[in-house]
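This report concerns only the one structure given below.
Predicted model only: the values in this text are computed from it and were never measured.
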Amino acid sequence: MGVGKWISGVLGWALAGPIGALLGFSLGALFEGVGNAGRADDTLSGMQGQRNSFMISLLVLSAAVMKSDGKVMRSELDYVKGFIRVNFGEGAVAQALQIMKKLLGKEIDLPSVCAQIKAHMDISQRLQLMHYLIGIAQADGHVSAIEVETLKNIALYMGISRQESDSLFAMFSNSLDDAYKVLELTPDASDEEVKRAYKRLAFKHHPDRVESLGADVRKSAEEKFKTIVAAYETIKKERGFN
């Protein structure tokens, strides 16, 4: 039996390339039925493989952020455990930690790993992945300068623009200035530009666009979507338009 259901069955594209090399053949021991991981072609297996690869990518990049300042604190690992528990359930914690501990002992080539992710995830999935990473980094209420730099490099390597990454960072604040950043705007934008930006962001971050990654990821995307709506409502109220 595998060690959990958070990641199970076919592994998808993360079994190969730089991500697969990080975890090595021992990755297969964590799962059931990985023999056809690279060859599964039915819809269900394809969705399962995409989800599993997303989750493994989340752990790889989380490890890279944790290691970025040259040390891994027990408190950081506890924050990741709490994050996994809240977002994916208690059953996911043991498996995630087993993978994470292996990753923390590896050198992670961020440009190569992110290039692999960019090649296999659409922009909505990459934005959701980045949102998770920022949430983990901010879990202790403080993000160091080196962590911010690492996060911004990850975004750049994954093909996420500076405006898009600034928008994701701003989602964790609630000031008027941050509301504009969430919509990828500056305060001098016109009312029409605000409306157009909201429609564009609502489409790009709509939860339906990550539905293939599972109900728990979709739920998190719904929360992110609510943040965009709240930012828009904040600006509307401040400007007095409907």
Pair up each side-chain donor or acceptor in residues 54-62 with any protein partner under 3.5 Å, not counting sequence neighbours, and list the distances.
| residue | atom | partner | partner atom | Å |
| --- | --- | --- | --- | --- |
| S57 | OG | S53 | O | 2.7 |
| S62 | OG | L58 | O | 2.7 |

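In this structure, L201 and L183 approach most closely via the heavy-atom pair CD2-O, 4.0 Å. Between I146 and S68, the shortest heavy-atom contact is CG1-O, 3.4 Å. In plain terms, the two heavy atoms of A63 and M100 that are nearest each other are CB-SD, 3.7 Å. S165 and R162 make their closest contact through OG-O, 3.0 Å (heavy atoms, listed as atom of the first residue, atom of the second, distance). Closest approach of R209 and Q125 over heavy atoms only: O-CG, 4.5 Å. Looking at every heavy atom in both residues, Q116 comes nearest to A14 through NE2-CA, 4.1 Å.
A donor-acceptor pair under 3.5 Å links the side-chain atoms of T227 to the main chain of E223, judged by distance alone. Of the possible donor and acceptor atoms, none in the side chain of K106 sits under 3.5 Å from a partner among the backbone N and O of L23.
Note that CG of D166 and CG of D178 are 10.0 Å apart. Values are rounded to the nearest 0.5 Å. One finds the NE2 atom of H205 at 7.0 Å from the CD atom of E164 (value rounded to the nearest 0.5 Å). Interatomic distance, CG of L97 versus NZ of K81, reported as 6.0 Å (0.5 Å rounding). Rounding to the nearest 0.5 Å gives a distance of 10.5 Å between CE of M121 and CD of Q128. The NE2 atom of H206 sits 11.0 Å away from atom NZ of K224, with the distance rounded to the nearest 0.5 Å. A distance of 14.0 Å separates CD1 of I154 from CZ of R126, quoted to the nearest 0.5 Å.
Residue F203 places its CZ atom among 12 or fewer non-hydrogen atoms of other residues, nucleotides or ligands, all under 6.0 Å distant. Residue D109 places its CG atom among more than 12 non-hydrogen atoms of other residues, nucleotides or ligands, all under 6.0 Å distant. Heavy atoms from other residues, nucleotides or ligands lying under 6.0 Å from CZ of R200 number more than 12. Residue-environment remark: NZ (K181) stays at or below the threshold of 12 foreign heavy atoms within 6.0 Å.
Between I19 and W13, some side-chain heavy-atom pair lies under the 4.5 Å cut-off. Residues Y157 and V113 form no side-chain contact, since every pair of their non-hydrogen atoms from C-beta on lies 4.5 Å or further apart. Taking the side chain as every heavy atom from C-beta outward, T150 and L110 approach each other to under 4.5 Å. K237 has its side chain out of reach of T234: every pair of non-hydrogen atoms, C-beta onward, lies at least 4.5 Å apart. Taking the side chain as every heavy atom from C-beta outward, L151 and M130 approach each other to under 4.5 Å. Inter-residue side-chain proximity for R196 and K199 is flagged as unmet; no heavy-atom pair is nearer than 4.5 Å. Using a 4.5 Å cut-off on side-chain heavy atoms (C-beta onward), I117 and L129 make contact. Between Y198 and I235 the shortest side-chain heavy-atom distance does not fall below 4.5 Å.
Grouping the Ile, Leu, Val, Met, Phe, Trp and Tyr side chains by contacts below 4.5 angstrom, directly or via other members, places V86 apart from I136. Cluster membership check: L156 does not share its hydrophobic cluster with I123, using side-chain heavy-atom separations under 4.5 Å among Ile, Leu, Val, Met, Phe, Trp and Tyr. Residue L77 is grouped with residue V93 when hydrophobic side chains (ILVMFWY) are merged at heavy-atom distances under 4.5 angstrom, including chains of intermediate members. At a threshold of 4.5 Å between side-chain heavy atoms, the hydrophobic network of Ile, Leu, Val, Met, Phe, Trp and Tyr places F172 and V229 in one connected group.
Using modelled atom types, one finds no donor on one side chain facing an acceptor on the other under 3.5 Å when comparing D177 with S175.
Checked for salt-bridge contact, K204 and E184 meet the test: a charged N lies under 4.0 Å from a carboxylate O. Taking the charged nitrogens against the carboxylate oxygens, K152 and E149 have no contact shorter than 4.0 Å, which rules out a salt bridge. For R239 and D191, the salt-bridge test passes: some basic side-chain N is under 4.0 Å from an acidic carboxylate O.
Residues that satisfy the side chain to side chain contact (heavy atoms under 4.5 Å, CB included) test with P207, not counting sequence neighbours, are R218, A221, E222, F225.
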side-chain contact (heavy atoms from CB on, under 4.5 Å) between Y180 and E238, worked out
CA-CA 11 Å; Y180 281 103; E238 189 268 338; 3.6 Å; yes

